[in-house]
Amino acid sequence: MPKSGSKYYWWCQIGGWAFLVLILIYAALTTSVEQRVTEQHIYNALIVAVSGLISTHIFREIIRKRGWIQLPVDKALPKFLVGIILTCVAGSLLRIIFGSVIGVGASSRPPPSPAGWSP
């Protein structure tokens with residue numbers, strides 16, 4: 001692949017994951033009880049982006065090195081489907097690992113209580 005193609009790939013990767021971070025932060029702002037963005041929201045969004053970027057980049061390298069693009073559709077499709085599932089699992093595992101290392105994520109906060117309910 002020419003160098004300019006690689007440059008576009010990285011622009012799309014970084015731009016796409018940065019756009020997702022903005023969407024996640026906007027969603028946190030509009031749906032959280034406090035109606036504000038916390039450090040937890042930002043850390044979670046960044047963890048999603050970094051783990052997604054890493055896992056999708058690894059999947060791309062596997063596709064390139066194994067020549068899946070050159071395969072006929074009937075042979076490539078099962079490989080892509082399994083690869084997509086494994087990429088999702090890998091991305092989720094990376095999110096769990098990064099969240100544990102940094103100390104944020106679903107396991108570090110108590111579950112929300114229903115509106116108007118107090119123990």
Side-chain angles (χ1 to χ4, degrees):
M1 176 175 274
K3 278 203 169 265
S4 63
S6 181
K7 178 178 75 171
Y8 294 130
Y9 164 76
W10 282 110
W11 275 109
C12 290
Q13 272 280 51
I14 292 168
W17 290 108
F19 185 65
L20 179 63
V21 166
L22 293 175
I23 290 171
L24 292 173
I25 290 173
Y26 176 76
L29 179 65
T30 58
T31 61
S32 70
V33 176
E34 305 91 20
Q35 298 233 322
R36 66 182 183 88
V37 176
T38 64
E39 279 185 30
Q40 175 88 22
H41 294 124
I42 294 169
Y43 286 142
N44 285 337
L46 291 174
I47 288 171
V48 167
V50 169
S51 61
L53 189 142
I54 290 170
S55 61
T56 57
H57 180 66
I58 291 170
F59 185 44
R60 175 185 185 251
E61 289 303 311
I62 290 170
I63 291 168
R64 290 179 68 207
K65 290 200 187 308
R66 298 203 176 172
W68 290 1
I69 297 295
Q70 285 76 31
L71 294 174
V73 173
D74 61 324
K75 297 213 185 272
L77 190 60
K79 294 178 185 301
F80 277 107
L81 292 176
V82 170
I84 289 167
I85 291 168
L86 292 175
T87 300
C88 292
V89 170
S92 296
L93 291 174
L94 283 172
R95 282 193 290 282
I96 292 168
I97 292 167
F98 290 158
S100 301
V101 168
I102 296 172
V104 298
S107 62
S108 67
R109 63 176 184 252
S113 60
W117 182 81
S118 61

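Values below: every heavy atom of this structure, side chains too, minus hydrogens, waters and symmetry copies. Keep in mind the model is a prediction, meaning the values are calculated, not measured.
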If you measure from [atom1] on [X] to [atom2] on [Y], what distance do you get to the nearest 0.5 Å?
X	Y	atom1	atom2	answer
T30	I25	OG1	CD1	12.0 Å
S92	I97	OG	CD1	11.0 Å
I62	I58	CD1	CD1	7.0 Å
I63	K79	CD1	NZ	12.0 Å

Residue E61 excluded, over 12 heavy atoms near CD under 6.0 Å: yes
Heavy-atom count around Y43 OH within 6.0 Å, excluding the residue itself: above 12? no
Taking all non-hydrogen atoms of both residues, which atom of [X] and which atom of [Y] are closest, and how far apart?
X	Y	result
R36	L29	CA-CD1, 3.8 Å
S55	T87	O-CG2, 3.7 Å
A76	L71	CB-CB, 4.0 Å
F80	I69	CZ-CD1, 4.1 Å
V48	W17	O-CZ3, 4.1 Å
L94	S51	CB-CB, 3.5 Å

Look at the side-chain heavy atoms of Ile, Leu, Val, Met, Phe, Trp and Tyr, link any pair under 4.5 Å apart, and say whether [X] and [Y] land in one connected group.
X	Y	result
V37	I102	no
L46	F98	no
L53	L24	yes
I84	I54	yes

Would a 4.5 Å heavy-atom cut-off, applied to side chains only, mark F59 and L86 as touching? no
Step by step, would you call T38 with H41 a side-chain contact (heavy atoms from CB on, under 4.5 Å)? CA-CA 5 Å; T38 64; H41 294 124; 3.0 Å; yes
